[in-house]
Every structure is written in structure tokens, then in C-alpha cells.
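In this text, all values refer to a predicted model and were calculated from it rather than measured experimentally. For reference, positions follow the sequence shown, starting with 1.
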Amino acid sequence: MEQLSQLKAMLKNKRVQSVLLSGFFTLMVWAVMATSVRKGLPFLDAGLFEYFGFAMTKGDVPYLNIFDHKGPVIFFLNYLGYALAGPFGIKCLYLLCIFIFFNICFAISRLFASVTSIFFVDTIIYFIFIVYFDGGWGLEGYILPFIAFSLYVFIKYLLYEQLKNRDILFVGFSFAVVLLTKANMIGLWFVFSIFLLVDFIYNKAYKRLLEVILYFVGGALIFALPVFLYLGITGSFSEMIFQSISLNIIYSKEASEITIGKMLEWYFTLSNSLYLNLIMILATAIFAKKKKTAFWVLNITFLWCLYLTLISRRQYLHYFIVLLPFYIPYIAAVLGEAEKYFTVKKVLLFSTLIVVLYFNNFKTIKDKWNHRYDDHAITEQYVGQYLQEKTEPDERIYAHNIGGIVYLDANRLSSTRFFFIPALTDVKPIYQLFVDSFEKSLPKYIIYRKNSEIKTEIDQYVKNTIDQKYHLENTIGIFELYRLK
């Protein structure tokens with residue numbers, strides 16, 4: 001009986017409840033992830049990121065030996081995961097970030113609702129995540145904890161004017177992590193900073209403002225300085241600036257047939273199917289009088305972050321993952337208000353609503369569970385096995401416009417830092433860089449997709465090089481394997 005009493009007391013502890021709920025939903029995320037990137041997600045960004053980790057464990061340096069327009073954080077995360085336990089280590093690191101995110105989700109929800117309602121908040125967030133996450137391992141999933149924590153601190157300040165120095169320090173740290181991952185995701189910190197600046201100046205709290213700035217900058221430097229030191233020591237700092245900033249500006253300015261209006265229409269169609277816009281309107285109405293300033297500032301923050309997400313004009317679902325933390329207070333506020341009117345039967349009511357409103361999401365989860373072992377890269381595995389037999393471990397290959405999967409299956413590095421060519425319509429800014437890198441050390445094998453359409457100058461250069469310096473040795477499925485003469 002005493003042990004049972006201790007167990008009951010432990011289960012009433014908020015931290016234990018948070019860990020248990022977060023563990024459950026992390027397990028649910030694992031249940032719908034593909035078993036591996038190489039089989040389940042071979043042609044998505046996850047395959048490129050795994051190559052980052054693979055290549056760095058072999059001694060390649062980001063930006064110098066691995067060309068990509070992502071920030072340095074995603075390189076280090078995949079290196080850490082791969083160094084610890086190969087592809088499985090990367091998967092564990094991703095799930096750890098999801099686990100931390102759900103714990104922060106619990107903390108945000110506690111500001112508005114009871115523990116019982118938080119389970120349903122987490123359930124809805126989980127459904128949204130499954131729609132957005134594109135199979136997992138995406139860049140956005142890793143930074144969810146940092147966005148969610150900073151939002152939690154912001155909301156606490158809006159509601160209670162609480163702002164601890166240690167929280168400011170970690171908000172600054174989180175800002176640096178997100179900035180050095182993908183710069184267009186920093187909308188939250190932009191609004192937070194402006195709001196605090198105006199608030200402190202209006203209240204003439206200049207000393208506190210200076211203190212907050214110092215803690216924020218200090219937190220950012222705790223993360224940024226070691227990163228910049230590594231980039232400086234390896235001589236890759238200037239390349240990082242060019243690839244992750246200059247190239248991204250070029251990438252974002254390229255003409256797209258999709259307008260912002262079309263992107264907004266796409267988002268509304270998607271979010272309406274998940275009842276998100278309705279929930280946000282209800283939450284704003286509920287707190288229009290109680291916490292009017294807080295929710296209007298939250299609305300502005302959300303709209304700004306949504307704009308930064310849509311501005312790329314590229315319809316990738318995983319871009320919306322960074323919006324997940326912003327949905328939490330709205331959902332929690334609505335369910336928290338509903339508790340007052342359905343105190344006894346709230347579990348039955350919320351359960352019924354979840355089943356009725358999100359019925360299709362249950363089917364989606366079942367479908368992903370049933371197909372988590374699917375292998376979408378059988379041919380690439382045969383190519384990889386062939387190349388392992390025909391090359392020595394220190395010999396390099398080049399797979400043209402195929403992503404990172406062939407290198408991983410072959411356990412061979414790319415001969416050029418352009419193992420994957422960024423999706424630029426106009427490749428002039430990188431054409432000569434590609435040629436110089438390619439000719440520096442010709443690969444023993446070039447893997448080329450049969451009947452590939454020549455769209456850019458780089459495609460034409462690779463085709464000309466094959467014609468002049470290589471001969472066709474084998475064809476496996478849709479892939480032609482050319483060997484250096």
C-alpha cells in the first residue's frame with residue numbers, strides 16, 4: 001500500500017506527468033517514422049543531412065568539402081548523431097529534440113489548461129506534426145525545442161511580466177541556434193525584441209533593458225563563438241557566409257510561378273482541414289478582454305512567422321513545422337476555457353471531438369505505420385553494392401542529381417564538394433565553382449540517370465565530361481555507371 005501511495009504521489013508530480021506525456025508522444029512519432037533514411041526517405045533532404053554526418057566522420061569539412069546552403073548547425077547535429085551511432089544516432093538525436101519539444105509544449109499548455117486538457121493539446125499537436133513532418137529527420141524538427149522555449153518565455157512575460165535572467169540567457173542561446181540553422185526562422189525573436197524594447201522604454205526601465213540586452217547577447221555568444229571559432233580554424237567561415245547567406249538570397253529571389261497569394265491559399269486550405277484557424281479565432285475571442293494585449297501580440301508574432309515561412313514560395317510541408325509551437329497556446333486556451341463548462345465530462349467531450357474532427361488523421365497514422373518498412377531505394381542499393389566492389393575505400397565517386405543516397409549505400413565520398421547541386425534555376429553563380437571542384441580530382445565513377453534532361457550549364461558540363469573522359473561500364477535499372485578511362 002505504501003508503494004502504491006508513493007506511485008500515486010509521483011504521478012501527481014507535474015514534471016513526471018510532463019515526462020510521461022512527452023515520452024508517449026515521442027514514441028508515437030517514432031512509430032510513424034520510416035525505419036531508415038536510406039530506405040524510407042532516400043530523395044528528401046534527410047538523405048543529404050545524413051551524408052553531412054557520414055562525410056564529416058570521414059574528415060570532410062562543411063562548406064569546404066561539402067557544399068550546401070544550410071546553416072552550420074545541421075552539419076554539426078548530423079555529425080554528432082553519426083559519430084555516436086551512425087544513422088541510428090541521428091534518429092535518436094531527432095527524437096530527443098521531439099521529446100524536449102513536447103515537454104515544453106506541456107509547460108506552455110499549463111499556462112492555460114489543466115493536465116487532463118494538455119493530453120488533448122498534445123494529441124492535436126501530434127496530428128499536425130504528422131501532417132507536416134515529411135517522414136522525419138528534417139531540419140525544422142531539430143530546432144523545435146529552441147523556438148518553443150523562447151515562445152514559452154515570451155508568453156510568460158506577456159501574461160505575468162516574468163522574465164528571469166537565466167531564461168533570457170537561454171533565449172539568446174536559442175536565437176543563435178536557430179539563426180545558424182536557417183535565418184528566416186527568427187521571426188519570434190524579432191517581435192519579442194521589439195516588444196521588450198518598446199515596453200521597457202515606455203516604462204523608463206532603462207537599466208533593466210540594458211541588463212536584458214547583455215544577457216541575450218551573452219547567451220547568443222555562448223553558442224555562436226565556438227561555431228565561428230571552428231569555422232575560422234578550418235578556414236570555412238567565408239564559404240559559410242557565401243553558401244548559407246549569399247546563395248540563400250539568390251535562391252529566394254529566383255522567379256517562382258507560385259505567388260504569395262497562392263501560398264496563403266494553400267496554407268489556409270491545409271490549416272482549415274486541421275481546424276487551426278477556427279481554434280485561433282476562438283482563442284482570440286475568449287481572451288479579448290482578459291488578456292487582450294497578450295493575444296494580439298501573439299497573433300502578430302504568428303502572422304509574421306507565417307509570412308517568413310511562405311515568402312520562399314515553395315510548397316514544402318516541413319517548412320510549417322516551425323509554426324507548431326505557436327498553435328499550442330491557442331489550442332490550450334480553447335480547451336482550458338471549455339473545462340469550466342464541462343468539468344465532469346470533459347474527457348468524454350474532448351475525446352469525442354478529437355475522434356470526430358481528426359478522424360482522417362487516425363487513418364494517416366495507420367497508413368504511415370503500415371508503410372514504415374517500405375524500401376524506396378532498392379536500385380540505389382544495388383548501385384551502392386556494385387561501387388563498393390569496384391572501388392577502394394579511399395576512392396571517390398560522383399552521383400549527378402541523385403542526392404546523398406548513392407554515396408551512403410556505396411560507403412564512398414563524393415569527389416567534389418558539390419555532391420548535390422542546389423536547386424537553382426540559374427546556376428551561373430556556382431558554375432565555375434563546380435567546374436573547379438570537379439576537375440580538381442576526377443571521380444573514378446560517375447553515376448548518371450538514364451535519359452536525364454539537360455536543364456542547366458552544369459548538366460551540360462557533366463554530360464560533356466562523360467563523353468570525353470569516361471566509358472559506360474554498367475547499367476543498373478535507371479542508372480548508368482561510367483568509369484574513368
Side-chain angles (χ1 to χ4, degrees), residues 17-18 20-33 98 101-136 144 148 264-288 290 295 298-299 302 306 317-318 320-321 323-372:
Q17 292 170 347
S18 178
L20 290 176
L21 269 180
S22 302
F24 171 75
F25 284 102
T26 302
L27 185 65
M28 291 296 291
V29 170
W30 167 83
V32 295
M33 290 177 72
I98 299 304
F101 164 68
F102 274 110
N103 273 282
I104 302 171
C105 177
F106 183 95
I108 295 174
S109 300
R110 279 288 296 157
L111 299 173
F112 304 94
S114 70
V115 174
T116 303
S117 295
I118 292 173
F119 173 79
F120 296 101
V121 174
D122 282 356
T123 301
I124 296 173
I125 290 296
Y126 171 73
F127 287 151
I128 301 167
F129 180 78
I130 297 309
V131 172
Y132 290 167
F133 86 139
D134 275 345
L144 272 178
L264 198 58
E265 182 183 338
W266 175 56
Y267 171 75
F268 276 130
T269 301
L270 184 65
S271 56
N272 282 336
S273 70
L274 296 165
Y275 304 97
L276 293 173
N277 298 319
L278 175 62
I279 290 171
M280 294 174 79
I281 291 170
L282 287 174
T284 303
I286 288 168
F287 283 87
K290 299 178 183 178
F295 265 79
L298 197 60
N299 287 341
F302 172 79
L306 175 63
L317 283 171
H318 61 86
F320 292 135
I321 287 179
L323 299 177
L324 274 177
F326 297 95
Y327 299 137
I328 298 167
Y330 293 100
I331 299 169
V334 171
L335 295 185
E337 184 70 12
E339 289 177 353
K340 299 176 183 178
Y341 305 97
F342 303 97
T343 53
V344 178
K345 298 180 179 180
K346 63 184 176 184
V347 174
L348 178 62
L349 173 68
F350 293 166
S351 299
T352 303
L353 284 173
I354 291 289
V355 171
V356 173
L357 297 178
Y358 295 95
F359 179 75
N360 285 333
N361 295 86
F362 287 101
K363 293 170 65 177
T364 300
I365 291 166
K366 181 183 177 182
D367 183 64
K368 289 183 180 295
W369 167 264
N370 291 336
H371 293 282
R372 60 198 301 267

Aromatic ring pairing Tyr132/Tyr327, orientation class (parallel under 30°, perpendicular over 60°, tilted between): tilted

What's the separation between atom CE in Met33 and atom CE in Met28, rounded to the nearest 0.5 Å? 14.0 Å

Separation between CG (Leu335) and OG (Ser114), nearest 0.5 Å, reads 9.0 Å

Non-hydrogen side-chain atoms of Val334 and Phe112 separated by less than 4.5 Å: no

Can you label the angle between the Phe362 ring and the Phe127 ring as parallel, tilted or perpendicular, going by 30° and 60°? perpendicular

Let's go through Ile125 and Ile328 carefully: what are the C-alpha distance in whole Å and the side-chain angles of both, what is the deciding distance for side-chain contact (heavy atoms from CB on, under 4.5 Å) to 0.1 Å, and is it a yes or a no? CA-CA 7 Å; Ile125 290 296; Ile328 298 167; 3.7 Å; yes

In sequence, state the C-alpha distance, the side-chain angles, and the governing distance for Phe106 and Leu20, and then conclude on side-chain contact (heavy atoms from CB on, under 4.5 Å). CA-CA 11 Å; Phe106 183 95; Leu20 290 176; over 6 Å; no

Test your reading of the model: is there a side-chain donor-acceptor pair from Gln17 to the backbone of Val115, 3.5 Å cut-off? no

In the structure I gave you, are the side-chain heavy atoms of Pro329 and Leu111 within less than 4.5 Å of one another anywhere? no

Main chain of Leu348, side chain of Ser351: is a donor-acceptor contact present, judged purely on distance under 3.5 Å? no

To the nearest 0.5 Å, tell me how far Asn361 CG sits from Ser273 OG. 7.5 Å

Rounded to the nearest 0.5 angstrom, the CZ-CG distance for Phe268 and Leu276 is 11.0 Å

Which heavy-atom pair separates Ala333 from Ile286 by the least distance, and what is that distance? O-CD1, 4.4 Å

In short, Thr284 meets Met280 closest at the heavy-atom pair OG1-O, 2.8 Å

Does the side chain of Tyr126 come within less than 4.5 Å of Val32's, by heavy atoms? yes

Looking at Phe295, is its backbone amide N or carbonyl O close enough to the side chain of Asn299 to form a donor-acceptor pair, meaning the two atoms are under 3.5 Å apart? yes

Residues Ile108 and Ala148: closest non-hydrogen pair is CD1-O, 3.7 Å

Run Leu270 and Phe320 through side-chain contact (heavy atoms from CB on, under 4.5 Å) and show every step you take. CA-CA 11 Å; Leu270 184 65; Phe320 292 135; 4.0 Å; yes

To the nearest 0.5 Å, what is the distance between CG (Leu298) and CZ (Phe302)? 9.5 Å

Residue pair Ile98 / Leu144: nearest heavy atoms and the distance that separates them: CD1-CD1, 4.3 Å

Answer yes if the ring centres of Phe25 and Phe119 are under 6.0 angstrom apart, and no otherwise. yes

So, Arg372 side chain and Trp30 main chain: donor-acceptor pair closer than 3.5 Å or not? yes

Restricting to non-hydrogen atoms, name the atom on Tyr275 and the atom on Leu357 that form the minimum distance, rounded to 0.1 Å. CE1-O, 3.2 Å

Tyr358 and Ile128: side-chain contact (heavy atoms from CB on, under 4.5 Å), yes or no, with the steps? CA-CA 10 Å; Tyr358 295 95; Ile128 301 167; 5.6 Å; no

Examine Phe102 together with Phe24 and report whether their ring centres are nearer than 6.0 Å. no

Can you name the closest pair of heavy atoms from Val121 and Ala332 and give their distance? CG2-CA, 3.8 Å

Kindly compute the distance separating CG (Asn103) from CZ (Phe101), expressed to the nearest 0.5 Å. 10.5 Å

